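Structure, as structure tokens:
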Protein chains: 2
Amino acid sequence: MPKSLDPIEILIRRLQRSAGLEQSELAELRTLQVDVADVARNEAISREGDRVEHCMLLVEGFLIRLQHTRGGKRQILSFYVPGDIPDLQTLHLPTMDHSLAAITPARLGRIPHKSIQELCNRNRRVADALWRETLIDAAVARTWVRCVGRLTARARVAHMLCELHARLDAVGLAKDPIRMPITQADFADAMSLSVVQINMTLRDLREEGLITVHKREMIVHDLVRLQYVAEFDPLYLHLDPAQRR
Amino acid sequence: MPKSLDPIEILIRRLQRSAGLEQSELAELRTLQVDVADVARNEAISREGDRVEHCMLLVEGFLIRLQHTRGGKRQILSFYVPGDIPDLQTLHLPTMDHSLAAITPARLGRIPHKSIQELCNRNRRVADALWRETLIDAAVARTWVRCVGRLTARARVAHMLCELHARLDAVGLAKDPIRMPITQADFADAMSLSVVQINMTLRDLREEGLITVHKREMIVHDLVRLQYVAEFDPLYLHLDPAQRR
DNA sequence: CGCTAGTTTGAAAAAACTCAATTGGCGTGG
DNA sequence: CCACGCCAATTGAGTTTTTTCAAACTAGCG
């Protein structure tokens with residue numbers, strides 16, 4: 001595990017992206033109690049039905065949210081990149097209605113709900129910033145529905161790549177080549193396609209010169225065209241602070 | 001439009017379901033500024049890209065959230081039933097990343113963001129109750145992904161019916177026959193299927209004795225079996241107050 | 001009574017899946 | 001350092017699911 005920033009600094013950088021917090025508020029954030037923990041690839045962090053009392057701040061690596069069908073099929077509901085808090089919703093819905101797992105080795109900052117709640121009670125602006133994060137998470141899920149439901153295989157795969165690119169770019173991790181150790185099986189379960197379809201679609205996109213995928217790294221050669229193919233509009237990620245009130 | 005409760009009382013009933021607010025807090029809720037407005041069937045309430053300054057409390061009728069593809073296909077992202085606030089997320093994300101429309105004549109209570117925000121600033125418990133509502137909305141969207149992505153047509157349709165049943169039941173609207181004026185075209189765009197498929201699937205479910213659909217009303221004859229077919233687990237709706245902390 | 005929106009049904013076409021086999025890359029143990 | 005083994009990627013081919021297109025039917029409404 002390479003060296004990495006203090007978890008709280010990553011959180012602060014994330015919230016600063018939109019919330020415009022003041023120094024005193026940042027200082028309060030720094031009082032949050034954080035435990036760092038490393039998890040292995042494919043390790044489950046929490047499961048459907050669990051009651052949890054901590055939030056996980058992702059410091060390094062990739063996590064996924066997922067649900068299963070009775071037949072054992074997986075559906076990945078979102079990817080998480082460093083800076084995200086994939087289970088922030090447990091603050092108010094402590095019973096997990098899906099599972100959380102690492103698809104790469106990952107480093108997490110465990111923050112007790114209690115610690116966050118006390119901070120939220122002291123400071124509404126921090127609370128609102130966190131609320132806003134959960135709303136963006138919801139917006140991503142909604143767009144995922146449209147993607148899986150109404151886009152072609154080709155557009156779906158492109159869309160997922162665009163979203164990952166945009167979100168990694170927002171935390172400074174989209175410098176070519178983009179490290180993206182996600183297997184084609186993961187892509188398949190994310191976009192509700194078969195591995196075969198994912199493989200063929202990636203090949204097509206590669207042959208058209210839009211992307212290169214090699215050794216768990218991706219290079220986007222033509223982002224504009226990729227976004228066009230994906231019918232991708234980054235609005236739903238609410239990354240642009242100008243979109244705020 | 002038949003007579004209906006005061007919008008705020010509907011909101012209070014909804015929040016009481018889980019938040020356990022005190023009388024003084026309910027009194028504060030009653031100070032919210034609410035404008036009642038009726039909208040016609042198929043009327044758009046807000047569109048992708050709009051910046052809005054009010055939240056819409058649904059008093060009567062059904063609303064949908066939807067997004068479009070370039071090819072003009074629709075994807076319905078959720079249904080809303082009386083008591084819901086479909087655009088509560090605009091409180092912190094005022095730019096709509098999807099559209100909101102009525103699929104039946106509907107009555108809405110328009111509440112200015114400002115009014116809600118002031119209340120939230122005065123009272124954290126109310127703020128948390130509203131935050132929680134937005135989190136449930138997100139949970140519904142996530143489960144929708146699994147439904148659309150990994151369930152068969154049969155299970156998808158059953159799942160949608162189960163969800164509607166559970167949510168209508170939670171507000172006392174699930175007494176047989178259940179009034180559900182949703183066209184098959186709407187169902188199709190919700191579950192990412194064609195109208196043909198919806199029609200056939202409904203026929204199958206009817207012939208198996210699970211449901212009856214007639215004249216915009218539905219009767220569920222065998223909820224347990226319908227839920228089994230749907231792989232439906234109501235956990236994600238977080239309706240059970242015992243699930244709270 | 002005719003119109004329209006919505007439902008129902010049939011049949012061909014398209015998209016995506018499953019199954020199966022092969023290839024490639026990489027870490028580990030001999 | 002090489003061989004083995006395993007996981008992931010790739011490719012081919014037949015099958016299944018779902019869609020699309022088209023047409024007929026039905027019920028409510030002016």
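Labels below follow one simple rule: chain letters A, B, ... track the order of the sequence lines, proteins then strands, and each chain is numbered from 1. Quantities reported herein were computed from a predicted structural model and do not represent experimental measurements.
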Contacts of type salt bridge (charged side-chain N to carboxylate O under 4.0 Å, His left out), residue [X], not counting sequence neighbours:
| X | answer |
| --- | --- |
| A:Asp222 | A:Arg225 |
| A:Arg216 | none |
| A:Arg167 | A:Asp84, A:Glu163 |
| B:Glu48 | none |

Any residue meeting side-chain contact (heavy atoms from CB on, under 4.5 Å) with [X], in chain and number order, not counting sequence neighbours:
| X | answer |
| --- | --- |
| A:Asn199 | A:Gln184 |
| A:Pro82 | A:Leu173 |
| A:Thr104 | A:Phe62, A:Pro181 |

Next item on the list: Determine which pairs satisfy salt bridge (Lys or Arg N to Asp or Glu O under 4.0 Å) with at least one residue from residues 196-205 of chain A, sequence neighbours left out, and list them in order.
Entry: A:Arg203-A:Glu207
Note to self: Before you tell me yes or no, could you show the steps for A:Gln75 and A:Ser192 under side chain to side chain donor-acceptor pair (under 3.5 Å), namely the whole-Å CA-CA distance, both residues' side-chain angles and the distance that decides it to 0.1 Å?
What the structure shows: CA-CA 7 Å; A:Gln75 176 67 50; A:Ser192 308; 2.7 Å; yes
Margin query: Using a strict heavy-atom distance below 4.0 Å, which residues from residues 199-209 of chain A are in contact with DNA chain D?
Written below: A:Asn199, A:Arg203, A:Arg206
Next item on the list: Taking only Lys NZ, Arg NE, NH1 and NH2, and the carboxylate oxygens of Asp or Glu, determine whether B:Arg150 and B:Glu231 approach each other closer than 4.0 Å.
Entry: no
Margin query: Run B:Asp87 and B:Tyr80 through side chain to side chain donor-acceptor pair (under 3.5 Å) and show every step you take.
Written below: CA-CA 10 Å; B:Asp87 53 2; B:Tyr80 291 99; over 6 Å; no
Margin query: Looking at B:Ile8, is its backbone amide N or carbonyl O close enough to the side chain of B:Asp6 to form a donor-acceptor pair, meaning the two atoms are under 3.5 Å apart?
Written below: yes
Item checked: Axis bend over the full length of the helix from C:dC1-D:dG30 to C:dG30-D:dC1, computed from five pairs that close each end, to 10 degrees -> 30°
Next item on the list: Report the relative orientation of the aromatic rings in B:Trp144 and B:Phe79; use parallel for angles under 30°, tilted for 30 to 60°, perpendicular for over 60°.
Entry: tilted
Checklist line | Base versus backbone protein contacts along nucleotides 20-28 of chain D [heavy-atom cut-off under 4.0 Å; B, S, -] | finding: BB------S
Margin query: Tell me whether the side-chain N/O atoms of B:Arg156 come closer than 4.0 Å to OP1 or OP2 in D:dT17.
Written below: no
Next item on the list: By nearest nucleotide on DNA chain D, pick out whichever of A:Arg150 and A:Thr183 is the more 5' one.
Entry: A:Thr183
Notebook entry, point to check: Just checking A:Arg216: base, sugar-phosphate only, or nothing, at a heavy-atom cut-off of under 4.0 Å?
Noted result: sugar-phosphate
Item checked: Nucleotide D:dT17, atom C1' - distance to CE of B:Met191 in whole Å -> 18 Å
Notebook entry, point to check: For DNA chain C, which nucleotides open and close the run of contacts to chain A, 5' to 3', at under 4.0 angstrom from a non-hydrogen atom?
Noted result: C:dA16 to C:dC26
